[in-house]
Amino acid sequence: MKDLSNGDRYEVLKRDFTASFRSDREADTNGKNDYIRALMVKARNQDMGKNQSH
């Protein structure tokens, strides 16, 4: 999965969680939320780095 874009990684993750948690929608959603939160933190950190360099 290393060479996949964030969107492609999310798509794979979404399929995996949906298959794993067919009867537990909350676990499915929570698993995807963790990935989204991690992406948001990464994006904020990158944005902060750009703002500090100006």
Side-chain angles (χ1 to χ4, degrees):
M1 259 182 33
K2 185 178 179 182
D3 294 333
L4 298 177
S5 70
N6 289 330
D8 290 339
R9 287 181 191 168
Y10 178 73
E11 184 178 340
V12 170
L13 182 75
K14 185 176 173 180
R15 276 189 263 134
D16 289 348
F17 273 102
T18 298
S20 296
F21 299 109
R22 287 185 189 272
S23 61
D24 190 349
R25 186 160 166 80
E26 187 173 346
D28 174 39
T29 299
N30 288 339
K32 291 181 283 192
N33 284 344
D34 291 343
Y35 180 72
I36 296 299
R37 280 190 209 102
L39 284 179
M40 291 173 68
V41 167
K42 182 179 175 182
R44 282 188 200 116
N45 289 340
Q46 288 175 347
D47 188 47
M48 290 175 72
K50 288 179 186 176
N51 290 335
Q52 290 177 357
S53 65
H54 294 296

Results of side chain to side chain contact (heavy atoms under 4.5 Å, CB included) for Lys14 - residues two or more places apart only: Tyr10, Thr18, Lys32

Test side chain to side chain donor-acceptor pair (under 3.5 Å) applied to [X] - qualifying residues, sequence neighbours left out:
X: Arg44; answer: none
X: Arg22; answer: none
X: Asn33; answer: none
X: Asp24; answer: none

Same apolar cluster (I L V M F W Y, side chains within < 4.5 Å links), Tyr35/Met40: yes

Distance (rounded to the nearest 0.5 Å) between Asp16 CG and Asp28 CG: 10.5 Å

Distance in Å, Leu13 CG paired with Leu4 CG, rounded so as to fall on 0.5 Å steps: 11.5 Å

Residues in salt bridge (charged side-chain N to carboxylate O under 4.0 Å, His left out) contact with Arg15, at least two apart in sequence or another chain: Glu11

Any donor-acceptor N/O pair, Asp47 side chain to Ala43 backbone, under 3.5 Å: no

Counterpart residues, ring pair (Phe, Tyr, Trp, His ring centres under 6.0 Å), relative to Phe21 (two or more places apart): Phe17

